[in-house]
Amino acid sequence: MGKPRIVAEFAATRWLRRWRDRDALEAHQLRLLRRQIRFWRRHSRRFADVPADAGLADLPTMDKASMMAGFDDLVTVPLTRAQAEELALSGERSRDFTGDLAGCSVGLSSGTTGHRGLFVVSPAERDAWAGTVLARTLPPHRLWGHRIALFLRADNTLYESVGSRAVTFSYFDLYAPEAENLARLGAFAPTILVAPPSMLRRIADAVARGDLTLAPERVYAVAEVLDPRDAAHIRAAMNLPVLHQLYQCTEGFLAHTCAHGVLHLNEDHVIIEREPLDERRFVPVVTDLRRRAQPIVRYRLGDVLVARETPCPCGSVLSALERIEGREDDTLLLPTTDGTPTPVFADLVSRALVHADGFEEYRVRQVGRETLDVEISPYSAQAEASVRTELATLWRRLGVRPPATAFQPYRSVVGTKLRRVERAWREDDADAAL
């Protein structure tokens with residue numbers, strides 16, 4: 001691990017990279033992009049034919065399927081997709097994630113789509129990532145002596161690079177027994193806690209019951225969409241003024257929350273093109289300006305982000321988000337009163353249910369063209385009636401024909417990313433049944 005590189009990236013991110021306006025930031029992005037294009041042309045077969053004077057718009061786009069299909073031509077280090085998958089799957093089976101390949105960290109990601117993806121990160125990129133994450137997560141008043149608890153589906157040397165005498169890092173396996181994890185967490189007494197919202201909720205429940213004593217300075221939600229009902233519960237149980245978020249995926253470290261709790265895109269490290277869905281919602285298309293072992297170039301993520309309407313009080317020139325809404329393909333698709341299919345964004349459903357009473361957890365799944373399954377916990381007739389009322393109000397506001405809705409008790413799912421709102425039905429499902 002290159003501690004000098006971590007310290008240098010920490011200092012640059014925390015103190016040195018300050019832009020007076022968007023023009024200065026975009027000039028910085030352009031310098032990094034030109035440098036990346038020169039490197040990609042020399043070292044990646046995928047970009048060998050790209051013109052030397054190419055700009056961003058001249059570069060090919062990719063998504064998870066095309067990236068995986070062309071993995072061997074894309075990477076710039078001496079490894080293959082087969083080798084990387086073998087190592088990553090071996091780690092998943094053994095729960096030992098210490099192995100490297102060609103000096104690189106290799107990890108497996110299923111994301112929220114369920115399709116397998118790979119990430120490959122070099123030692124230099126690992127150090128830069130560590131410095132950047134520390135710069136954007138450590139509280140401003142104290143940089144030393146932090147204990148970071150990180151709950152993940154899979155450990156990786158990428159995360160272990162954070163550990164040092166200044167910061168103690170402890171990995172908690174989400175597949176381990178919950179009682180064991182909570183006991184370890186209490187003994188570790190983290191100053192910073194990082195976990196998916198579904199796990200944070202269970203930790204918050206244990207704190208609220210008095211079964212666990214925690215006093216972290218900061219709590220970060222990662223890996224899953226942060227539902228407003230979950231956020232309120234976690235903040236209240238842990239007495240947090242702000243519940244922070246880190247928006248990170250296989251494709252890079254994309255956003256972080258500032259001291260005001262507002263998400264900002266990490267545009268000093270990535271370019272985010274916006275594929276609009278409506279006036280504020282967009283799908284991000286990501287180009288990483290630092291990663292080279294596995295180039296991430298015009299990668300269409302498929303997430304739905306919502307731009308913030310007003311400037312953030314922190315004054316940063318980095319673009320601000322209102323929220324991360326979820327997966328594009330989990331937007332409900334319901335017919336209007338005249339039968340025309342219309343998108344119902346997941347966040348609209350989540351925010352409607354904030355006003356419903358009598359339950360703590362929920363899941364809404366579209367299972368047919370006009371059919372929903374709703375799970376709530378604890379289940380009661382009163383809670384069902386409250387949810388039905390709020391959903392009916394939403395349907396009327398959107399001009400949607402009310403779908404048939406079946407209720408049942410909430411079932412917790414371990415080992416997969418929590419999706420509060422999910423479209424499990426597709427138009428082609430109906431076509432296949434005919």
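On a predicted model such as this, the values are computed, not experimentally measured, just so you know.
- Between Glu328 and Leu277 there is a side-chain heavy-atom pair separated by less than 4.5 Å.
- Not a single donor-acceptor pair under 3.5 Å links the side chain of Glu9 to the backbone N or O of Trp129.
- Annotation: side chain of Leu138 is in contact with side chain of Ile192 (closest heavy-atom distance under 4.5 Å).
- Looking only at side-chain heavy atoms (C-beta outward), Leu74 and Val297 stay at 4.5 Å or farther from each other.
- Shortest non-hydrogen contact noted between Gly252 and Asp288 is CA-OD2, 4.3 Å.
- Relative to the ring axis of Phe359, Arg229 places its NZ or CZ within 45° and under 6.0 Å from the centre.
- In this structure, CG on Asp127 lies 4.0 Å from CZ on Arg5, to the nearest 0.5 angstrom.
- Smallest separation of non-hydrogen atoms from Asn266 and Ala255: ND2-N, 3.3 Å.
- Here the CG atom belonging to Leu243 is positioned 6.5 Å from the CZ atom belonging to Arg235, to the nearest 0.5 angstrom.
- No donor-acceptor pair under 3.5 Å is formed between the side chain of Asp347 and the backbone N or O of Glu325.
- Between the side chain of Arg280 and the main chain of Ala307, a donor-acceptor pair closer than 3.5 Å is present.
- When atom types are taken as modelled, the side chain of Thr371 and the backbone of Val367 share no donor-acceptor pair closer than 3.5 angstrom.
- Every residue meeting the salt bridge (Lys or Arg N to Asp or Glu O under 4.0 Å) condition with Arg298, not counting sequence neighbours, appears here in chain and number order: Glu273.
- Every residue meeting the side-chain contact (heavy atoms from CB on, under 4.5 Å) condition with Arg81, not counting sequence neighbours, appears here in chain and number order: Met68, Phe71, Asp72, Glu85, Leu118.
- Legend: residues meeting salt bridge (Lys or Arg N to Asp or Glu O under 4.0 Å) with Glu390, ordered by chain and number and at least two apart, are absent.
- With sequence neighbours excluded, the residues satisfying side-chain contact (heavy atoms from CB on, under 4.5 Å) with Pro190 are Ala149, Leu185, Phe188, Leu214.
- Side-chain contact check for Ser105 versus Asp100: some heavy-atom pair is nearer than 4.5 Å.
- To the nearest 0.5 Å, the span separating CG on Leu301 from CG on Asp63 amounts to 10.0 Å.
- Without hydrogens or angle criteria, Arg292 side chain to Thr76 main chain gives no donor-acceptor distance under 3.5 Å.
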Stepwise side-chain contact (heavy atoms from CB on, under 4.5 Å) check, Asp227 with Val421: CA-CA 10 Å; Asp227 180 82; Val421 180; over 6 Å; no
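- Side-chain contact between Cys312 and Cys258 is present, with at least one heavy-atom pair separated by less than 4.5 Å.
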Enumerate, atom names and distances included, each donor-acceptor pair closer than 3.5 Å involving a side-chain atom of residues 204-213, sequence neighbours excluded.
from	atom 1	to	atom 2	distance (Å)
Asp205	OD1	His233	NE2	2.7
Arg209	NE	Asp211	OD2	2.7
Arg209	NH2	Asp211	OD2	3.3

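- Atom CD of Glu370 is separated from atom OG1 of Thr405 by 10.5 Å, given to the nearest 0.5 angstrom.
- Under the rule for a ring-ring contact (aromatic ring centres under 6.0 Å, His included), the partners of Phe151 that lie at least two apart in sequence or sit in another chain are Phe172.
- The line from CG of Leu353 to CG of Leu348 is 11.0 Å long, rounded to the nearest 0.5 Å.
- Applying side-chain contact (heavy atoms from CB on, under 4.5 Å) to Leu398 and the options Leu334, Thr393, Val344, Thr336 leaves one that passes, Val344.
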Derivation of the side-chain contact (heavy atoms from CB on, under 4.5 Å) call for Gln366 and Leu372: CA-CA 4 Å; Gln366 182 177 359; Leu372 297 183; 3.8 Å; yes
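- With a 4.5 Å cut-off on side-chain heavy atoms, Cys104 and Glu125 do not count as touching.
- The ring-ring contact (aromatic ring centres under 6.0 Å, His included) check on Phe10 picks up Trp15, with sequence neighbours excluded.
- Counting only distance, with no hydrogens or angles, the side chain of Glu26 and the backbone of His28 share no donor-acceptor pair below 3.5 Å.
- For the pair Leu318 and Leu265, the tightest heavy-atom approach, listed with the atom from each and the gap, is CB-O, 3.4 Å.
- When every heavy atom of Val354 is checked against every heavy atom of Pro228, the shortest pair comes out as CG2-CG, 3.7 Å.
- Side chains of Tyr379 and Gln408: a donor-acceptor N/O pair is absent below 3.5 angstrom, by distance only.
- Judged as a ring-ring contact (aromatic ring centres under 6.0 Å, His included), and not counting sequence neighbours, the contacts of Tyr220 are His244.
- Residue pairs meeting the salt bridge (Lys or Arg N to Asp or Glu O under 4.0 Å) criterion with at least one partner in residues 253-269, sequence neighbours excluded, are Arg22-Glu267, Arg136-Asp268.
- Between Leu254 and Cys249 there is a side-chain heavy-atom pair separated by less than 4.5 Å.
- Among pairs with a residue in residues 176-193, those fulfilling salt bridge (Lys or Arg N to Asp or Glu O under 4.0 Å) read Glu178-Arg202, at least two apart in sequence or across chains.
- Checked against side-chain contact (heavy atoms from CB on, under 4.5 Å), Glu217 has the following partners two or more places apart in sequence or in another chain: Pro139, His141, Arg142, His146, Thr191.
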Arg323/Arg351 under side-chain contact (heavy atoms from CB on, under 4.5 Å): CA gap, chis, key distance, verdict: CA-CA 12 Å; Arg323 57 191 174 272; Arg351 292 184 180 274; 3.4 Å; yes
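- In this structure, Thr337 OG1 and Arg396 CZ are separated by 13.5 Å, a value rounded to the nearest 0.5 Å.
- A donor-acceptor pair under 3.5 Å links the side-chain atoms of Gln294 to the main chain of Val120, judged by distance alone.
- Looking at heavy atoms from C-beta onward, Tyr362 lies out of side-chain contact with Val387 at the 4.5 angstrom threshold.
- Closest approach of Arg308 to Pro313, counting heavy atoms only: NH2-CD, 3.9 Å.
- Between the side chain of Arg300 and the backbone N or O of Thr61 there is no donor-acceptor pair closer than 3.5 Å.
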Audit row: Val286, Ile272, side-chain contact (heavy atoms from CB on, under 4.5 Å) steps and yes/no: CA-CA 5 Å; Val286 179; Ile272 305 289; 3.7 Å; yes
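- Between the side chain of Asp330 and the main chain of Arg423, a donor-acceptor pair closer than 3.5 Å is present.
- Within the structure, salt bridge (Lys or Arg N to Asp or Glu O under 4.0 Å) pairs that include any residue of residues 357-368 comprise Arg201-Glu360, Glu361-Arg420, Arg363-Glu375, Arg365-Glu422 (at least two apart or interchain).
- Formation of a donor-acceptor pair under 3.5 Å by the Thr389 side chain with backbone atoms of Ala385 is found in this model.
- The neighbour count for Asp278 CG, taken as heavy atoms of other residues, nucleotides or ligands under 6.0 Å away, is above 12.
- Considering all non-hydrogen atoms of both residues, Gln29 and Val270 come closest at NE2-O, 3.3 Å.
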